[in-house]
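Here's the structure, in structure tokens; my notes come after.
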Amino acid sequence: MNLKMKIKLYFDKYLLKINLIFVSLLVTFGIFLVSSATAVESQRIYEDSFYMIRNHLLALVIGIIIAFLITKIDYKNITNISNYLIIFMTLILFFLLTYGENVFGSTRWLDLGFVRLQPSEIAKPIIIIWVANQLSKVDLDGNNIQTIWRTSFMPGIAIILIFLQPDFGTAATLAFIVFIQLLFSRVKFIYPALLSIVAWFTGKFFLSSEIYRAERLRVWSEGICDQGLELLGSCFQVHQSRIAISSGGMFGLGPGTSRARWGSLPSAYSDFISAIIGEEYGFVGYIVFVFILSVSIISFFLIAIRQKNEFKRIFTVGLGAWILFQSILNLGASVYLLPITGIVLPFVSYGGSAMVSIFIALGIMHSRDYE
């Protein structure tokens, strides 16, 4: 093995270690944040201030165990059943609309008695696997239109079903992931570019198709919350999030001292977990967190670019796109640079289905090819 090859192998191994280190930092940061943000809500609902953090830790442990087991098997064993996985997932999403548990007007949860699952979160790694498997088989001289149709049909059905729950944020996340995977595949650039134009107008139409979404978009686009004329209604969470972040000052109020968790900021432990970062750790803590998150995201894309295996390359790009898009939506919404979508912050926010799903994907990325 020549020196150039040794340097390349060392750099690739180093990248994987960086990825694991910074993901671990995000998860650790998340444990402290969720522990603080859920304490009051846990006490109010379950009369046990540690109830929700225990669930968070349980989901984390389950996710890590599943990821570890996946790294020990050949990823091809998973790709071989990707057709069955996506069909099964689509059927669950279909039946969820009728038999799912309705919470705050959305049917996103499946109550199995011993556990509540959010199928749209489980759909993310399955769709990424499906798309990567289909695109890794692309012939450079093949029919790109046929490839895009074959690749995007089943994910498209799943995205529509998720949108009907309704869950526009997750549907948009999945659409973005599929687009980025197409962009990094062997499909000619012109096709995903044209598809993105169609997706833009389609997304804009569906975003305005419901009164509450259209109103939320109007309030954001007209900057109504910035004018100080609307303190309740559509602007309530925005103002409370900004108050929480600004109250942290430069160095924060300190871990576990959040005031927003006492009920002034709804969903402080999930959709607005980043506001708790600013409140408890201040501007400095917020910047440190964004740095850790940014390095983590960049590491996913660098790993993908240096991958020789086509499936792993497209899969890792999809995983990186997942974390990137949700992070932008979550952080942007907390300071109202973007409309509120109800998207959680990967590796950090409270949510068992989301945590297990992203660790499943992480396990596949780190799995070995035994051929």
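Note that these values count all heavy atoms, side chains included, but never hydrogens, waters or copies made by symmetry. In what follows, residues are counted from 1 in the order of the sequence shown.
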Side-chain H-bond candidate by donor/acceptor type, W322 with Q326, under 3.5 Å: yes
Minimal non-hydrogen separation, A171 against I162, with atom names: N-CG2, 3.9 Å
Spacing of T107 atom OG1 and L161 atom CG [to the nearest 0.5 Å]: 12.5 Å
Nearest heavy-atom neighbours spanning S327 and L345: CA-CD1, 3.8 Å
Atom CZ of F32: over 12 foreign heavy atoms under 6.0 Å: no
Value rounded to 0.5 Å, distance of CD in E121 from CD1 in I126: 12.0 Å
Exam field: side chain S367 to backbone T71, donor-acceptor pair closer than 3.5 Å: no
Distance-only side-chain donor-acceptor flag, N133 / S82, under 3.5 Å: yes
Donor-acceptor contact present, side-chain Q43 to main-chain S49, <3.5 Å: yes
Close side-chain approach of D48 to S42, heavy-atom, < 4.5 Å: no
Heavy-atom pair with the smallest gap, counting every atom of G318 and I177: O-CG2, 3.7 Å
Non-hydrogen side-chain atoms of T38 and R54 separated by less than 4.5 Å: no
Check: P166 main-chain N/O paired with R108 side-chain donor or acceptor under 3.5 Å: yes
More than 12 heavy atoms of other groups within 6.0 Å of F283 CZ: no
Separation of R186 CZ from L135 CG (nearest 0.5 Å): 10.5 Å
Backbone N/O of I86 and side chain of T90: donor-acceptor pair under 3.5 Å: yes
Between E279 and S258, a side-chain donor and acceptor under 3.5 Å: yes
Validation row: L324, F300 side chains within 4.5 angstrom (heavy atoms): no
Inter-residue atom distance L293.CG - I298.CD1, 0.5 Å rounding: 9.5 Å
Under 3.5 Å: donor-acceptor pair, side chain of T341, backbone of G169: no
pair L302-Q307: side-chain heavy atoms closer than 4.5 Å: no
Closest approach of S334 to I245 (non-hydrogen atoms, all atoms of both residues): O-CD1, 3.9 Å
Side chains of I145 and Y191 in contact at under 4.5 Å (non-hydrogen atoms): yes
Any Y350 side-chain heavy atom under 4.5 Å of N55 side chain: yes
Flag side-chain contact, heavy atom, 4.5 Å: K124 against L174: yes
Flag, side chain of S357 to backbone of A354, donor-acceptor distance under 3.5 Å: no
For Q237 against L265, the heavy-atom pair lying closest together: O-CD1, 3.7 Å
Connected via hydrophobic side-chain network under 4.5 Å: V288 and L253: no
R242 backbone acceptor or donor facing S246 side chain under 3.5 Å: yes
Pairwise side-chain contact, H366 with L20, heavy-atom cut-off 4.5 Å (strictly under): yes
Heavy-atom pair of closest approach, residues F359 and V27: CZ-CG2, 3.9 Å
Rounded distance [0.5 Å steps], CD1 in I360 versus CE in M355: 12.5 Å
Pair T170-I159, side chain to side chain contact (heavy atoms under 4.5 Å, CB included): steps then yes or no: CA-CA 8 Å; T170 301; I159 289 171; over 6 Å; no
Any donor-acceptor pair under 3.5 Å from T316 side chain to M365 backbone: no
Backbone N/O of G254 and side chain of T257: donor-acceptor pair under 3.5 Å: yes
Derivation of the side chain to side chain contact (heavy atoms under 4.5 Å, CB included) call for I70 and Y75: CA-CA 8 Å; I70 290 175; Y75 73 88; over 6 Å; no
Aromatic ring proximity, centroids under 6.0 angstrom, F347 and F29: no
F315 and F311 aromatic ring geometry - parallel, tilted or perpendicular at 30°/60° bounds: parallel
Whether over 12 other heavy atoms sit under 6.0 Å from R116 CZ: yes
Donor-acceptor pair between E280 and S36 side chains, under 3.5 angstrom: yes
Sub-6.0 Å ring centroid separation between Y286 and Y281: no
N/O donor-acceptor pair under 3.5 Å between R261 side chain and I276 backbone: no
Rounded distance [0.5 Å steps], CG in L93 versus CD in Q165: 6.5 Å
